[in-house]
Number of protein chains: 2
Amino acid sequence: MDQSIVIVGDWGGSRLRLWLRQGKSVIHRRDGPGVTALTDSPQKTFLDLVGDWREAQPAYAILCGMVGSRMGWIEAPYAPCPATAAEVAARTVALEAEGLPVRIVPGLSCVNSLGGPDVMRGEETQVFGALSLDAGLRSGRHLLVLPGTHNKWVVVEDGRIVTFLTAPIGETFALLKAHSTLAAGGGSLAEGSALGFAQGLARIAEQGAQRLTHLMFETRARQLLQAMSPADAMGLLSGLLIGADVAAARDWFGPMQAVTVIGDGALATLYVQALAAAGVTASVVDGDAAVLAGLSMITRHQEASS
Amino acid sequence: MDQSIVIVGDWGGSRLRLWLRQGKSVIHRRDGPGVTALTDSPQKTFLDLVGDWREAQPAYAILCGMVGSRMGWIEAPYAPCPATAAEVAARTVALEAEGLPVRIVPGLSCVNSLGGPDVMRGEETQVFGALSLDAGLRSGRHLLVLPGTHNKWVVVEDGRIVTFLTAPIGETFALLKAHSTLAAGGGSLAEGSALGFAQGLARIAEQGAQRLTHLMFETRARQLLQAMSPADAMGLLSGLLIGADVAAARDWFGPMQAVTVIGDGALATLYVQALAAAGVTASVVDGDAAVLAGLSMITRHQEASS
């Protein structure tokens, strides 16, 4: 049984998560800044965080996410869809950081279901991880959703990512929350009230996603005229945005009655709730578990081919 | 002929415009800060800007807009729809600033066409002004649109504002422009390229407004994959948002084949273009002319009833 020590990581725009792994076991975890918030070079930031893990003599490090973008450490060109884990593994970009080999996982590009270009970085690894964790996803056609700043809807077929579509739901919500007159106050997409969220889903169900822009101002008008609380207004706004996102994804739901949500905690729960309201069964795969399983799958493919 | 001297003004969230008027003629104009950007009290800000106009011995001042909100000078409670100019005139709130009588025009509230609560402050005056300037709007049922931070769609019937609906198009665009990863760089809703704007309208026409959140990320993906310029991406984003706003207003277009756009310059032109693409004829009333005509109409009603 393979007991080699490696460093695996997900280095996205807003955070870096590193794990020291021996065989299948995680020994340590450390968190650092995302590539949009670096104060040092990527190499120095990485090596400082690795620190004394070097004493365990890791064979190499492998990183997925925005670290492979133009604003990251080194550009790893997008792999085109359809793509398997083996194809992604064959396209990792190698570099060396003070003697430690580092492999950067490329993102994916595709033509999405609306005929537009689309890209992802990091989510491909989580999707491959979900396939690794759930054998039922490895054959046939399945829909997965990865809620977040740039929400991804992903179609897999027989172990391949065939297409995906990005909706900037988390980013839009965060900007409206932080700066708009609609629903002021702190809090994330998942921090509004449950009551407000349910009302937002109901408004989209009644009026249709095409009315999103015509429903958004209700968050402000209800506070002014009906003494709606800020927490309820925030919930209403997140219900409208997530409800509209789910409604727009409806074309996929006919052939694929179940959706796998990859994510953590409250936001994943909101998507499960919104999908249930749209008549779709959802199951959840933990985001961290998916990253770890995905990086393992990619390294297995690399080792098998080397 | 009435040659009395009055000060009229539109004091919104982002700017104050004051005019010194004698009879029907504007003698002077001065600009000041909006009610969300005050460094002094509203009264001091107002009197400082009025300055030497006091020497002309104005009979009173009348102000519309956010000046009558909770964050303004004094709260002028919303008048309910349907509302005529005479009813709005009867509900102005009076105060006095160092001997100068000041009248604050109330905003309007309604239940909008989606069954939600809605509010406006300032736009009611522009709508009454448009009715004053265009006799054809004074009888029958008409649709008007006032593009801006909080875009208003307004239905008038026989001289009454019967209902309206707010879409925070300008605010959403401004936040995405200033802070998002979608279409970075300076510029307003009207400063994207014409090519990008036309592409945005076309994408909404092909895919439907319900796909707005699923189309927005194209602004970023096209820059990454197709070397789309930032100006084109900005135009694309504004075409998507305005196209979705116009498409969602489509229910009104059947019975009302023509729409009156109240506004200025480039943004009004974009709405005319988006309406034309949706098969609707639009005419434009200048925003400043509408404010002046609306304040005149309201003061005439006050003088007639006093």
Side-chain angles (χ1 to χ4, degrees), chain A residues 13 36 69-70 78 107 109-119 149-153 165-169 171-172 174-176 178-182 203-204 206-226 228 241-242 244-245 247-251, chain B residues 13 36 69-70 78 107 109-119 149-153 165-169 171-172 174-176 178-182 203-204 206-226 228 241-242 244-245 247-251:
Chain A
T36 60
S69 72
R70 276 171 223 172
Y78 297 108
S109 65
C110 77
V111 175
N112 68 30
S113 61
L114 305 182
D118 219 319
V119 292
T149 305
H150 292 162
N151 197 36
K152 307 284 179 185
W153 295 90
L165 185 143
T166 305
I169 301 296
E171 182 167 31
T172 303
L175 292 177
L176 291 171
H179 303 288
S180 83
T181 58
L182 300 180
R203 291 297 278 149
I204 291 288
E206 288 160 19
Q207 298 291 342
Q210 74 274 18
R211 303 223 189 278
L212 174 64
T213 62
H214 285 194
L215 290 166
M216 280 165 57
F217 192 71
E218 276 191 27
T219 56
R220 178 163 164 80
R222 288 192 180 196
Q223 290 181 83
L224 287 169
L225 296 178
Q226 300 176 346
M228 178 177 251
L241 286 167
I242 292 176
D245 182 23
R250 192 163 296 167
D251 289 348
Chain B
T36 60
S69 72
R70 275 170 224 173
Y78 297 108
S109 66
C110 76
V111 175
N112 68 30
S113 61
L114 305 181
D118 219 320
V119 292
T149 304
H150 292 160
N151 197 37
K152 306 286 179 184
W153 294 90
L165 186 143
T166 304
I169 300 296
E171 182 166 32
T172 304
L175 292 177
L176 291 171
H179 303 289
S180 83
T181 57
L182 300 179
R203 291 297 276 150
I204 290 288
E206 289 159 18
Q207 297 290 342
Q210 74 275 16
R211 304 222 189 277
L212 173 63
T213 62
H214 285 194
L215 290 166
M216 281 165 55
F217 193 71
E218 276 189 27
T219 57
R220 178 164 165 78
R222 289 193 180 194
Q223 290 180 84
L224 287 169
L225 296 178
Q226 300 176 348
M228 179 177 250
L241 285 167
I242 292 176
D245 182 23
R250 191 163 296 167
D251 290 348

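Lettering follows sequence order; numbering is per chain, from 1.
- At a 4.5 Å heavy-atom cutoff, the contact between B/L114 and chain A is made by backbone and side-chain atoms alike.
- With rounding to the nearest 0.5 Å, the separation of CZ in A/F217 from CD in B/E171 is 8.5 Å.
- Looking at A/L165, the atoms closer than 4.5 Å to chain B (heavy atoms on both sides) all sit in the side chain, from C-beta outward.
- The closest donor-acceptor contact from the side chain of B/R222 to the backbone of A/P117 lies at 3.5 Å or more, if one exists at all.
- Contact between A/A221 and B/D118 at its shortest, heavy atoms only, is CB-CA, 3.9 Å.
- Counting heavy-atom pairs under 4.5 Å between each of B/A167, B/P168, B/G116 and chain A puts B/P168 at the top.
- Atoms CG and NE2, on A/L176 and B/H179 in that order, are 10.5 Å from each other to the nearest 0.5 Å.
- Listed options B/R211, B/E218, B/M216 were ranked by heavy-atom pairs under 4.5 angstrom with chain A; first place goes to B/R211.
- Only the side chain of B/R70 comes within contact range of chain A, judged by heavy atoms closer than 4.5 Å.
- Residue B/L241 holds its CG atom at 8.0 Å from OG1 of A/T213, rounded to the nearest 0.5 Å.
- The aromatic rings of A/H214 and B/W153 sit tilted, their planes meeting at an angle between 30° and 60°.
- Using a 4.5 Å cut-off between heavy atoms, A/R220 touches chain B through its side chain atoms alone.
- Contacts of A/E206 with chain B are absent, with no heavy-atom separation under 4.5 Å from either backbone or side chain.
- The part of B/L212 that comes within reach of chain A is its side chain, from C-beta onward, which places non-hydrogen atoms under 4.5 angstrom from that chain.
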